[in-house]
Amino acid sequence: MKNKASLKIKASLKIKASLMGILLCVMFVVGCGKGNETGEKILRVGTNAEFPPFEYINNDGEVDGFDIAVMKAIGEEMGYNVEFQNMEFKSLIGSLKTGAVDAVIAGMTVTDERKESVDFTNTYYQATQHIVVRVDSDITTLEQLNGKKVAVQEGTTGDLLVTPEEDNEIITDSSTEVKRFKKGTDAIIELKNGSVDAVVVDANPAKQFVSANEGVLKSVEVEGITEEYAIAVSKGNEQVLNDINEGMQRIKENGVFDELVETYINGTEQSVRKHSDNPVMEFIYTLEFVFISTNGYKLLLQGLLATIGISLAAVLVGVVLGLIIALMKMTEVQKGKKTLFSRIATIYIDIIRGTPAIVQLLIMYMVVFQSKMGIVAAVLTFGINSAAYVAEIIRAGILAVDKGQMEGGRSLGFSYGETMRYIILPQAIKNILPALGNEFITLIKETAIVGYVAIQDLTKAADFIISRTYETFLPLIAIAIIYYCLVKLLTKGLNVFERRLRQSDIR
Ligand code: ARG
């Protein structure tokens with residue numbers, strides 16, 4: 001038998017090394033979440049990049065567009081380092097209220113209702129509303145939408161325009177069905193699929209949607225409605241309000257604003273897409289369009305890395321926390337009755353397993369982190385979530401080790417803790433590792449919801465591709481295949497690993 005002291009040293013070295021590893025990972029993740037710290041004034045700006053040409057995701061997966069360029073130019077004039085946060089349109093005003101962002105630029109129309117919650121800068125763009133329909137439709141006015149099915153982006157002025165309410169004088173038929181989408185493009189896809197009769201949306205995006213779907217969609221202007229876009233800041237934030245107004249004034253005077261209008265609004269070109277009557281060629285052209293010419297492959301690659309990174313970091317958090325929870329729960333085996341620790345552990349496992357991961361994620365991100373540091377919030381959520389399952393895996397693994405092992409260890413003079421460390425755990429690991437592997441696989445698939453907190457993972461990448469290409473089948477099948485391969489690869493790896501572990505059993 002090896003002597004006790006050398007066993008101890010080895011084990012403690014191992015523990016130290018793994019703790020260091022975990023610490024590094026956590027530091028890395030926290031570091032990623034934090035912005036730069038150069039002392040320059042930071043202006044956090046919320047937007048909803050689903051509104052071309054004002055804001056959209058460009059071919060490199062970054063927020064881009066007229067509004068974005070205007071905001072950057074203003075920032076440059078006024079000495080701000082502008083950081084964008086892409087979120088749902090209807091969350092923008094709320095984020096100003098909670099202080100998660102300092103300003104919002106999102107082709108946002110000034111309305112009396114919004115003025116009650118936020119302050120607006122001077123207006124910078126005049127817009128109208130359009131009705132987008134399929135080419136064979138004879139709808140030309142808002143009145144004709146009475147009793148029809150209409151799709152809109154949730155919370156926009158288009159939404160208000162077609163929702164039958166007391167003060168809506170045009171849409172008075174309460175049987176009018178309004179389908180609200182988080183993204184304008186989803187409304188457009190719904191229209192293309194024939195599930196709704198029209199989409200009501202601002203003029204410029206409408207034109208882009210139509211030109212990207214030539215021969216399928218057309219649009220008409222709603223008569224008699226003009227809207228003004230402005231940047232919103234939180235109520236009473238005069239410093240930022242004045243700075244933005246001042247900056248806007250300057251870029252209008254020095255010609256930058258007009259240049260941006262030319263580049264982004266007048267000169268926007270859609271990526272031209274080839275068509276063919278031959279179905280095979282058409283399929284190849286579509287593949288080319290979705291994955292190559294609009295850089296879809298890049299988005300998928302970035303997304304894949306994010307998915308893997310978050311899963312790995314979360315697994316580390318989960319294993320460490322899970323081990324602690326398992327040991328806390330095991331105190332009741334040692335003491336032969338429930339302890340404070342075991343009770344805490346039981347409650348923890350109970351709550352985590354009793355609530356959906358998406359709810360936990362939203363609580364962590366919106367409540368705890370106040371809509372900041374999405375990556376850290378996601379890693380912590382999945383780590384904490386997975387810890388509950390890991391704890392049960394570890395506990396079951398330990399309990400599966402024959403009781404006689406503990407008795408043997410104790411009678412050799414080891415303490416309870418020592419027997420655990422040197423005799424029980426090494427054996428339990430064989431039961432635990434395969435199950436842990438499965439937990440990792442589950443986790444990878446579960447992270448598909450991180451798009452909710454503005455992280456661009458694999459699923460979100462498909463979402464972006466759909467927004468930009470109006471193609472749904474290919475991007476979704478593509479990520480399904482990628483997830484599948486990832487899981488298959490891991491399963492294969494785990495099987496090999498497990499076989500190795502079992503080899504030492506055959507004597
Ligand atoms: N102008 C409309 C509004 O204020 C639509 C704006 C939508 N903007 C966006 N980034 N999705 O309601």
Side-chain angles (χ1 to χ4, degrees), residues 44-58 62-72 82 84-96 101 103-132 142 150-163 165 168 171 178-190 198-209 212 219 221-222 224-233 260 264-265 268 451 454 463-464 466-468 470:
R44 294 159 308 157
V45 179
T47 191
N48 168 252
E50 299 288 347
F51 202 62
F54 296 96
E55 42 266 329
Y56 51 85
I57 302 292
N58 69 16
E62 286 152 2
V63 283
D64 200 350
F66 177 72
D67 282 349
I68 307 303
V70 164
M71 204 64 232
K72 281 184 186 159
V82 181
F84 290 96
Q85 284 185 33
N86 188 14
M87 56 184 92
E88 281 174 24
F89 185 75
K90 68 160 203 239
S91 311
L92 287 168
I93 293 199
S95 302
L96 271 179
V101 293
V104 162
I105 190 160
M108 187 178 271
T109 306
V110 181
T111 66
D112 289 338
E113 210 190 5
R114 288 175 183 160
K115 272 195 204 154
E116 278 170 25
S117 317
V118 296
D119 285 343
F120 281 106
T121 62
N122 299 332
T123 60
Y124 65 91
Y125 196 81
Q126 210 177 48
T128 55
Q129 290 288 316
H130 269 222
I131 305 173
V132 185
L142 219 46
V150 191
V152 294
Q153 189 182 20
E154 191 173 15
T156 59
T157 43
D159 183 354
L160 289 178
L161 216 52
V162 295
T163 302
E165 270 170 0
N168 193 333
I171 305 294
V178 183
K179 286 196 172 181
R180 299 182 178 81
F181 291 90
K182 301 210 185 310
K183 306 189 295 175
T185 38
D186 286 348
I188 293 291
I189 289 171
E190 192 84 353
V199 170
V200 176
V201 65
D202 300 42
N204 296 82
K207 285 177 194 155
Q208 293 241 333
F209 292 149
S219 85
E221 187 168 302
V222 176
I225 296 178
T226 49
E227 301 187 353
E228 299 275 356
Y229 294 169
I231 299 165
V233 302
L260 294 179
Y264 282 97
I265 299 182
T268 17
D463 216 35
F464 282 155
I466 294 174
S467 292
R468 293 165 5 156
Y470 307 91

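Read the numbers this way: they start at 1 and go in the same order the structure lists the ligands and their atoms. Since the model is a prediction, treat every value here as computed from it, not as a measurement. Computed over heavy atoms, backbone and side chain alike; hydrogens, waters and symmetry mates excluded.
Shown here for Ala106 and Asn48, the closest heavy-atom pair between the two residues is CB-N, 4.2 Å. The shortest heavy-atom contact between Thr128 and Ile225 is CG2-O, 3.5 Å.
Residues passing the side chain to side chain contact (heavy atoms under 4.5 Å, CB included) test with Ser117 are Ile93, Lys97, sequence neighbours excluded. With sequence neighbours left out, the side chain to side chain donor-acceptor pair (under 3.5 Å) criterion links Thr123 to Glu228. Residues meeting the salt bridge (charged side-chain N to carboxylate O under 4.0 Å, His left out) test with Lys179, sequence neighbours left out: Glu190.
Between Phe54 and Tyr229, the distance separating the two ring centers is shorter than 6.0 angstrom.
Within 4.0 Å of ligand 1, the residues that place a heavy atom are Asn48, Phe51, Glu55, Phe89, Ala106, Gly107, Met108, Thr109, Arg114, Gln153, Thr156, Thr157, Asp202, Glu227, Tyr229, listed by chain and number.
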